[in-house]
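What follows is a single structure, written as structure tokens, with notes after it.
Order of the sequence lines sets the chain letters (A, B, ...), proteins ahead of strands, with each chain counted from 1. What you see below is based on every heavy atom in this structure, not just the backbone, and it leaves out hydrogens, waters and symmetry mates.
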Number of protein chains: 2
Amino acid sequence: MKKSVDRAADAIRAWILGGKYRPGDFLPGERELTGLLGVSRITVRGALARLRAEGLVRPEQGAGTRVLDFRESSGVDLLAVLAAQRMAGGPFPLDLLSDLLELRRLVAVELVGLVGERATTSDLSELRALVGQMRGVTGDPSAFMTADLRFARRLVRASRNLALELLANAIVRALEGQPGLHLAFGANAARTVIVYEHLLSLLERGRVEKARAMTRRLLERLDRSTLALVAALSGATPREPSIAGTPTAKEA
Amino acid sequence: MKKSVDRAADAIRAWILGGKYRPGDFLPGERELTGLLGVSRITVRGALARLRAEGLVRPEQGAGTRVLDFRESSGVDLLAVLAAQRMAGGPFPLDLLSDLLELRRLVAVELVGLVGERATTSDLSELRALVGQMRGVTGDPSAFMTADLRFARRLVRASRNLALELLANAIVRALEGQPGLHLAFGANAARTVIVYEHLLSLLERGRVEKARAMTRRLLERLDRSTLALVAALSGATPREPSIAGTPTAKEA
DNA sequence: AACTTCGAGTGGTATTACCACTAACCTGGT
DNA sequence: ACCAGGTTAGTGGTAATACCACTCGAAGTT
């Protein structure tokens with residue numbers, strides 16, 4: 001059961017993202033919002049505090065709470081919020097998912113480069129172990145996705161860069177909320193494991209540039225297939241919820 | 001004048017980052033914090049709401065407010081907070097700045113690649129105009145830094161990727177709070193302009209791979225010099241606050 | 001017409017009270 | 001001695017009310 005402040009924040013956020021209040025506008029006063037949302041001012045302020053942290057609004061004492069343009073004022077952490085928000089209603093965020101996968105791809109390519117320069121032997125052996133765990137759950141899409149994300153997190157740690165680690169957190173948070181994504185992960189599970197092992201052996205032999213190129217090629221193809229699959233799912237689900245796994249989706 | 005909730009949040013955040021409360025611990029109860037901080041519970045809750053949004057704590061109803069490990073629970077947006085926090089007191093965040101510049105470098109390289117594929121002629125001409133503006137303020141370090149950041153923002157827009165745009169926002173926020181950074185920008189102003197123009201002409205001729213390689217080389221050198229300069233500044237400032245601009249810092 | 005003043009309305013903080021929930025303690029049984 | 005089960009103190013979440021600091025525009029003054 002979501003708490004009142006969550007629902008209040010979701011409601012106001014929906015108004016903003018839906019265009020009811022545009023950047024530059026002022027939101028209704030907090031006292032007025034209590035009436036519109038049916039909660040106390042305490043709760044309204046809690047909700048506004050979240051929107052403020054997300055970079056969607058900025059309260060101005062004496063004037064009101066101004067709506068901002070999140071393209072200018074928000075950080076990456078907003079992506080997870082946007083993904084979750086659009087899921088409940090509205091059209092499926094295919095464009096957002098595309099941008100998100102692209103960001104992950106670009107970062108991953110450079111990440112592999114860094115890891116190739118800095119990874120210790122213990123880093124690499126731990127990564128080997130994680131790939132081994134992945135091989136054991138190639139049949140369970142959901143379990144495979146979490147195992148894959150664990151591998152990714154460990155890979156990031158090997159880069160010894162706090163900023164990259166935090167960025168990875170934000171990307172993972174935004175991705176793991178996407179419905180149907182685990183299916184895409186599962187569909188390529190077997191091949192993913194093979195590629196990871198190849199990648200590790202390249203890194204162990206110091207073939208950094210080759211590892212980077214391979215990562216780019218692999219992820220470009222993988223992301224394309226993921227997008228096609230999710231698109232097929234989101235297109236089919238509203239009409240035939242029970243038989244979502246149609247051949248169309250599989251071969252995409 | 002900072003508001004009470006800001007000071008309260010800063011105080012609690014300092015306790016956490018300072019190790020007084022470790023991940024897994026519970027913070028003192030909200031009622032107890034009112035006494036420790038000298039503010040009302042409303043304000044305490046406001047501060048805790050911020051720390052929650054930053055991924056530093058997670059309130060658990062009935063139990064308490066638990067401290068988290070921000071390496072696991074926070075997103076990139078925390079970088080700006082960390083930079084600002086460590087500035088007031090503590091040692092200068094050189095390691096953090098290093099990670100931050102590295103992240104910017106990696107992203108910038110891939111960004112240039114994307115822009116090379118997608119930029120329209122109007123994108124490029126607008127970028128040309130911005131470089132022209134930068135040329136006009138090579139003498140004013142602070143103005144040059146903001147002009148440079150405007151160029152960067154426009155470059156990101158040319159990638160047509162919302163996630164990248166938000167990431168750029170987060171990086172810029174974290175960077176623009178760093179003291180002494182504008183000096184580093186100013187020191188390389190003239191050369192930066194030339195490089196940007198060269199970069200644009202490469203993009204106009206579709207030499208994407210070459211543009212990417214150049215970006216990487218340039219930023220590696222630039223970041224190294226920036227780090228050296230900031231290190232020199234932070235080393236000298238505590239002892240001779242009045243004559244911070246010593247020759248040692250300039251030639252670094 | 002330009003300027004000053006003032007008041008209605010805004011977000012920020014304080015106080016008090018109660019609710020929903022958790023965990024540990026105590027109690028009673030086996 | 002042990003262990004289920006209910007009691008209880010303490011936690012974060014929500015509510016209602018009041019006041020403060022601040023902004024902005026309208027009314028009044030020059």
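For the pair A:D123 and A:R154, the salt-bridge criterion is met [side-chain N within less than 4.0 Å of a carboxylate O]. We find that B:R71 and A:E165 are not joined by a salt bridge, their nearest charged nitrogen and carboxylate oxygen being 4.0 Å or further apart. Comment: B:R7 does not engage B:D10 in a salt bridge, judged by the lack of any side-chain N to carboxylate O separation of less than 4.0 angstrom. A salt bridge does not link B:R173 with B:D77: none of the charged nitrogens is closer than 4.0 Å to a carboxylate oxygen.
Between A:R66 and B:L48, it is B:L48 whose nearest contact on DNA chain D lies nearer the 5' terminus. Mapping B:K3 and A:K3 onto DNA chain D via the closest heavy atom, the residue that lands nearer the 5' end is A:K3.
When DNA chain D is scanned 5' to 3' for any atom under 4.0 Å from a heavy atom of chain A, the first and last hits are D:dG13 to D:dT23.
Between B:F151 and B:Y196, the angle of the ring planes stays under 30°, which puts this pair in the parallel group of the 30/60° scheme.
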Where do A:R50 and A:D6 land on the salt bridge (Lys or Arg N to Asp or Glu O under 4.0 Å) test, with the steps shown first? CA-CA 9 Å; A:R50 300 206 183 172; A:D6 294 312; 2.4 Å; yes
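In this entry the distance linking CD of B:E60 with C1' of C:dC21 reads 12 Å, nearest Å. When the P atom of C:dA20 is taken as reference, atom CD1 of A:I42 falls 17 Å away, rounded to whole Å.
Within residues 24-41 of chain B, the residues having any heavy atom closer than 4.0 Å to DNA chain D are, in order of number, B:G29, B:E30, B:R31, B:R41.
Residue A:R153 qualifies as enclosed at atom CZ: its count of foreign heavy atoms under 6.0 Å is above 12. For A:R105, the CZ atom counts as densely surrounded, since its 6.0 Å shell holds more than 12 non-hydrogen atoms of other residues, nucleotides or ligands.
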